[in-house]
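Scroll down for the structure; my scribbles are underneath it.
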Amino acid sequence: MNNFLNISDLSKEELRSIIDGAKQRKSERGEKPHSQSDSDQPLQGKTMIMIFEKTSTRTRISFDLAVKQLGGSSIILNQDEIHYGKGDESIKDTAKVLSQYADILMIRTDSHKIVDEFKKYLDIPIINGLTNKGHPCQVMADILTFEELKGDIKGKTISWIGDGNNVANSFIEAAEKFKFKLKIACPKKYQPDKNIVKSAKKNKCDLLITDNPYKAAEDSDCIMTDKWISMGDKDDKKKKKKILKKYQVNKKLMKCAKSDSIFMHCLPASREEEVTSEIMDGKQSVVWLQAFNRIHAQKSIIEWCIK
Ligand code: CP
Ligand code: NVA
C-alpha cells in the first residue's frame, strides 16, 4: 500500500508511472458514460472514505467518479458530520475505526499536520485532497493535461503568477521530479513555503522566484495562476488583493509567453481578479480540460495507492 500526501514523497519513476497509467486508462475508456466502470474494475469490492474540512466541487465529484469508474464505492463526509474535528474523538481513534470500514481515505484539511497524524495511525492508504501546504492531486492532473496538449513536460517552462500558495508549493515539488523549469512571480510577502523552496534548490530544481510577473511569463509554455485568497487564508484580504493586483493574468501578460502557450487555473477562479475573463474564456485557456482530467489522474493515483 502507498500514501499520496506530497509529490516529494514519490520517486520520479513512481510519478511518471502514475501519469502514464492515467493516459492509458483515459484512452482505453474512450467515450463510456461517466458512471460506467472500466472493464477491469480494479477497485471492485473496495470503498473510499472522503473527508472534507473545506468546501470542494471538483475534488469531491471527480474522486467520486474516479472510484465508480474503477468499480468501487465511496462515502463522502463533511467535517461537521464526524467527531474528530470537534474534539469529540482523537485522530488516532478515528483512524483506527476508518481503517476497518474502508480501503482508502482521501482527506481535505486546513492543516497538513492532520494528514500526517492520520497517516501515523491508519492501516489503509491516505490521499491528500488539499491542505494548507499542498494540492498534489491537482498538480498531477495539470501535468496530465499539459502533456496531453504539449507533449513531455520535461524541459518545458511553466510560469506561476500570483500567490505563492499550496498549489504553487506542489508545483515546486513537481518541477524537481518531472524536470521542468518553473518560474514563479509573487510578491515578497506571499512567497511559497520556505522549506519546500530550500529543498528544491538543494536538489537542483530549475526554479526562479521573482516579484516581476513579466519576467516569469517570458517565453513560457504555460501560464498558471490561482485565487489570491485561498480557503482558510488568514491574511488581510483587502491588503493582499491590493498587493497582488499587478500579478493579474491578462492579455498583456499572456503576450510575454510563447505564442502557443496555454493558460491553466485549478479553479475555482475569481474572474477579473487573478485572471481576466478574456483569458479564462480565450483560445489559450485549458481550464475545463484540467478539471476533467482530475478524474483520470486520480484514478491512477488510487490504483498506485492500493498496490
Ligand atoms: N481545484 C480544486 O481542487 O477544486 P475544488 O476546490 O472545487 O475541489
Ligand atoms: N489555493 C486554493 C486552491 C483551491 C482548489 C485553496 O487552497 O483554496
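Note that ligands are numbered from 1 as they come in the structure, with each ligand's atoms numbered from 1 the same way.
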Just heavy atoms, cut-off under 4.0 Å: does Leu130 contact ligand 2 by side chain, backbone, both, or neither? side chain

Using 0.5 Å steps for rounding, measure from the CG atom of Leu5 to the NE2 atom of His112. 5.5 Å

Does any N or O atom in His135 lie less than 3.5 angstrom from one in ligand 2, N or O only? no

Starting from atom 8 (O) of ligand 2, what is the nearest protein heavy atom, named by residue and atom, and what distance separates them? Met231 N, 2.8 Å

Any atom of ligand 2 sitting under 4.0 Å from a heavy atom of Leu267? yes

Mind checking what makes side chain to side chain contact (heavy atoms under 4.5 Å, CB included) contact with Asp38, not counting sequence neighbours? Arg25, Arg29, Asp40, Gln69, Leu70, Lys299

Amino acids contacting ligand 1, non-hydrogen cut-off under 4.0 Å: Ser56, Thr57, Arg58, Thr59, Arg108, His135, Gln138, Cys266, Leu267, Arg294

Test ring pair (Phe, Tyr, Trp, His ring centres under 6.0 Å) applied to Phe4 - qualifying residues, sequence neighbours left out: none

Do Leu105 and Tyr101 land in one hydrophobic cluster if side-chain heavy atoms of ILVMFWY residues count as linked below 4.5 Å? yes

Quick test: of every protein heavy atom, which one is nearest to atom 7 (O) of ligand 2, and how far off is it to 0.1 Å? Asn166 ND2, 2.8 Å

Going by atom types only, do Asn165 and Asp226 share a side-chain donor-acceptor pair under 3.5 Å? yes

Any Lys/Arg nitrogen of Asp193 or Lys198 sitting under 4.0 Å from an Asp/Glu carboxylate oxygen of the other? no

Please check if any side-chain donor atom of Glu14 sits under 3.5 Å from a side-chain acceptor atom of Ser11, or the reverse. yes

Enumerate donor-acceptor pairs with a distance under 3.5 Å from any side-chain N or O in residues 42-51 to protein atoms, sequence neighbours excluded.
| unit_1 | atom_1 | unit_2 | atom_2 | d |
| --- | --- | --- | --- | --- |
| Gln44 | NE2 | Gln41 | OE1 | 3.3 |
| Thr47 | OG1 | Ser73 | OG | 3.3 |

For ligand 2, is there an N or O atom under 3.5 Å from any N or O atom of Lys54? no

For Tyr190 together with Tyr247, are the ring centres under 6.0 Å from each other? no

Any N or O on Arg108 sitting closer than 3.5 Å to an N or O of ligand 2? no

Hey, does the Lys NZ or Arg CZ of Arg60 hover above the aromatic six-ring of Phe52, less than 6.0 Å from the centre and inside 45° of the axis? yes

For atom 3 (C) of ligand 2, the protein heavy atom that lies nearest, with its residue and separation: Asp226 OD2, 3.5 Å

With atoms numbered from 1 as shown, which atoms in ligand 2 lie under 4.0 angstrom from a non-hydrogen atom of Asn165? 1 (N)

